[in-house]
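Okay, so here's the structure we're looking at.
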2 protein chains.
Amino acid sequence: MLDLAILGLLMDRDHHGYEIRTQVRDRLGVTSNLSFGSIYPALARLERQGLVEAVSVTDAAPMMISTGSLSGERASLRALRATQVLGRRGRKVYRISDEGRRVFVELLADPATVDDSRNFSLRVALAKYLTPTLRVTLLERRRTDLVERLAELLAGARNEQLDTYARSVMTHAAKGVELDIEWIDTLLTTERNNQQTFTEQVKTGKE
Amino acid sequence: MLDLAILGLLMDRDHHGYEIRTQVRDRLGVTSNLSFGSIYPALARLERQGLVEAVSVTDAAPMMISTGSLSGERASLRALRATQVLGRRGRKVYRISDEGRRVFVELLADPATVDDSRNFSLRVALAKYLTPTLRVTLLERRRTDLVERLAELLAGARNEQLDTYARSVMTHAAKGVELDIEWIDTLLTTERNNQQTFTEQVKTGKE
DNA sequence: GTCATCATGTAAGCCGTTACATGATTGC
DNA sequence: GCAATCATGTAACGGCTTACATGATGAC
């Protein structure tokens with residue numbers, strides 16, 4: 001989960017560890033702030049595996065931005081500026097490698113661990129990196145699980161041996177799952193419309 | 001979490017370990033089946049702590065081995081009978097102790113770990129063991145957290161830098177939280193009505 | 001000059017899982 | 001008799017958290 005989230009964020013742009021925490025919450029919709037005690041070791045591990053690389057320790061490396069068109073003076077100025085604006089020294093900025101991109105997409109499409117709601121949401125949040133086909137597969141797989149789960153919950157809610165509180169939990173959980181299924185259905189509809197639009201465009205020769 | 005669920009189930013009646021798994025799902029609304037690899041060690045630990053006690057290992061099985069009072073024939077018959085009615089041999093049935101009941105209520109009311117949705121749902125499912133006051137406290141505490149979370153999600157959904165998938169995740173998560181808040185509000189209303197009814201009854205001298 | 005925030009990292013521990021090992025009972 | 005289910009337990013490992021340790025920078 002953490003690996004997928006980190007790689008997913010790095011697909012978009014470079015990040016340093018401290019930043020990843022807030023980004024996971026704000027861009028990937030993961031509720032609880034994950035701890036640095038898990039983020040830093042994860043980054044170190046991903047680096048060892050060659051999936052990411054440290055692009056700059058400290059901000060002395062605006063070289064990465066440098067187009068060469070700027071004079072040394074202006075580059076220094078810009079470095080200073082970057083430090084002032086963007087923050088402090090000692091930051092270790094990571095960039096995803098080609099191998100990292102490959103593994104990321106593989107991981108994102110991997111059917112293995114889509115079981116829980118958290119993993120699924122994360123995958124949808126990163127779904128722009130999936131092919132339309134794989135997106136549909138992901139959504140349909142999850143939908144099947146939810147339909148099954150819904151049936152269990154509705155059965156549970158009908159259980160007369162339960163007290164009002166326990167039954168209320170069942171009923172509410174069922175509503176939540178229904179909401180999830182509706183959401184998936186709207187996403188699936190969108191996917192199919194896009195697919196169709198694309199197909200039509202090909203057929204009619206439009207761009 | 002596991003301890004709370006196990007003790008909660010044992011508040012109602014005795015259970016053996018194997019049975020606890022299904023009961024946690026069917027009566028407490030916990031989605032994923034927890035594994036025996038966590039249930040059995042948990043029961044052993046609770047027993048060591050004196051919160052539960054093993055009430056019977058098998059039904060009548062020890063008789064077959066030790067007792068000389070019954071003839072071998074009758075002992076076999078009895079064993080057979082017990083097996084037919086109660087099920088299989090080798091079951092270790094647990095009962096909650098007085099100390100266990102005390103600790104359970106303490107645990108259930110403990111504000112420490114109500115953070116996530118799973119813990120909260122579990123507590124609501126067991127809410128009949130809480131006093132009306134503690135129930136309201138639990139609900140209100142959770143409500144405050146959710147309102148805060150909702151604001152964050154709505155802010156996230158407004159973030160225009162997000163692609164449609166990521167934004168969709170935020171919006172959907174927000175809807176889920178809204179549903180949760182509505183649920184809590186209906187529960188709170190019920191609590192207050194019951195409370196008021198009780199107060200009125202006292203005032204007017206009704207039973 | 002000191003406090004909050006930014007920034008990185010390590011070590012210990014918690015709470016669960018999967019995989020393994022064993023055996024009884026029921027139904028076909 | 002054989003497979004499926006019921007039933008208990010152990011061992012290894014996974015993924016995350018908390019607590020600890022360290023230090024720079026910016027704001028007041």
Side-chain angles (χ1 to χ4, degrees), chain A residues 1-6 14-25 30-48 52 54 56-60 80-94 107 112-113 115-116 118-119 122, chain B residues 1-6 14-24 30-48 52 54-62 64-65 76 79-94 107 112-113 115-116 118-119 122:
Chain A
M1 206 241 93
L2 227 192
D3 289 9
L4 188 65
I6 290 175
D14 299 347
H15 290 278
H16 60 272
Y18 189 86
E19 195 182 22
I20 282 173
R21 181 153 84 150
T22 49
Q23 292 282 304
V24 166
R25 172 166 39 75
V30 174
T31 304
S32 60
N33 276 338
L34 356 93
S35 64
F36 294 120
S38 61
I39 291 172
Y40 290 118
L43 281 168
R45 183 169 25 80
L46 290 172
E47 193 178 15
R48 277 199 307 277
V52 307
S56 78
V57 183
T58 83
D59 241 353
L80 186 66
R81 180 133 228 173
T83 312
Q84 286 173 335
V85 173
L86 290 175
R88 303 115 201 304
R89 276 175 58 246
R91 284 153 51 156
K92 208 165 162 184
V93 176
Y94 289 95
L107 225 66
T113 48
D115 44 353
D116 64 289
R118 214 168 136 212
N119 270 312
L122 177 62
Chain B
M1 205 243 91
L2 227 192
D3 288 11
L4 188 65
I6 291 175
D14 299 347
H15 290 279
H16 60 272
Y18 189 86
E19 194 180 22
I20 282 173
R21 181 153 85 150
T22 49
Q23 292 281 302
V24 166
V30 175
T31 305
S32 59
N33 275 338
L34 1 90
S35 64
F36 295 122
S38 60
I39 292 172
Y40 291 118
L43 282 167
R45 182 169 25 81
L46 290 171
E47 192 177 17
R48 277 199 308 276
V52 306
V55 143
S56 75
V57 181
T58 83
D59 278 319
M64 304 199 314
I65 309 162
S76 312
L80 187 64
R81 179 127 228 177
T83 309
Q84 286 173 333
V85 175
L86 290 176
R88 300 124 199 301
R89 276 177 59 244
R91 281 155 50 155
K92 205 164 164 185
V93 176
Y94 290 95
L107 225 65
T113 48
D115 44 353
D116 64 290
R118 214 168 138 211
N119 270 312
L122 177 62

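All values reported here derive from a predicted model rather than from experimental measurement. Atom set for the values below is all heavy atoms of this structure, side chains included, hydrogens, waters and symmetry mates excluded. Throughout, a chain's letter reflects where its sequence line sits, starting with A, and its residues are numbered from 1.
- Across the protein-nucleic acid pair, A:N119 atom CG and D:dG14 atom C1' stand 14 Å apart, rounded to whole Å.
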B/S/- contact track for nucleotides 16-22 of chain C, protein heavy atom under 4.0 Å: SBB----

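- Between A:Y18 and C:dT8 there is no side-chain polar atom (N or O) within less than 4.0 angstrom of OP1 or OP2.
- The nearest whole Å value for the distance from the CD1 atom in A:I6 to the C1' atom in D:dG15 is 12 Å.
- Computed from coordinates, the A:Y40 OH to C:dA12 P distance equals 21 Å when rounded to whole Å.
- In this structure, the CZ atom of B:R91 is 14 Å from the C1' atom of C:dT26, given to the nearest Å.
- At a threshold of 4.5 Å between non-hydrogen side-chain atoms, the residues B:E47 and B:Y94 count as touching.
- Under the 4.5 Å side-chain criterion, counting only non-hydrogen atoms from C-beta, A:M1 is in contact with A:V30.
- Residues B:I20 and B:L43 meet the side-chain proximity criterion, which asks for heavy atoms closer than 4.5 Å.
- Checked against side-chain contact (heavy atoms from CB on, under 4.5 Å), B:T22 has the following partners two or more places apart in sequence or in another chain: B:R25, B:D26.
- When the C1' atom of C:dC14 is taken as reference, atom CG of B:L4 falls 16 Å away, rounded to whole Å.
- Between B:H15 and B:V93 the shortest side-chain heavy-atom distance does not fall below 4.5 Å.
- D:dC6 atom C1' lies 11 Å from atom CZ of B:R21, rounded to whole Å.
- Look at CG on A:L43: it is 12 Å from P on C:dT10, rounded to the nearest Å.
- If you measure from atom CD1 of B:I20 to atom C1' of D:dC6, you get 15 Å, rounded to the nearest angstrom.
- Note: B:R21 CZ to B:I39 CD1 = 6.5 Å, rounded to the nearest 0.5 Å.
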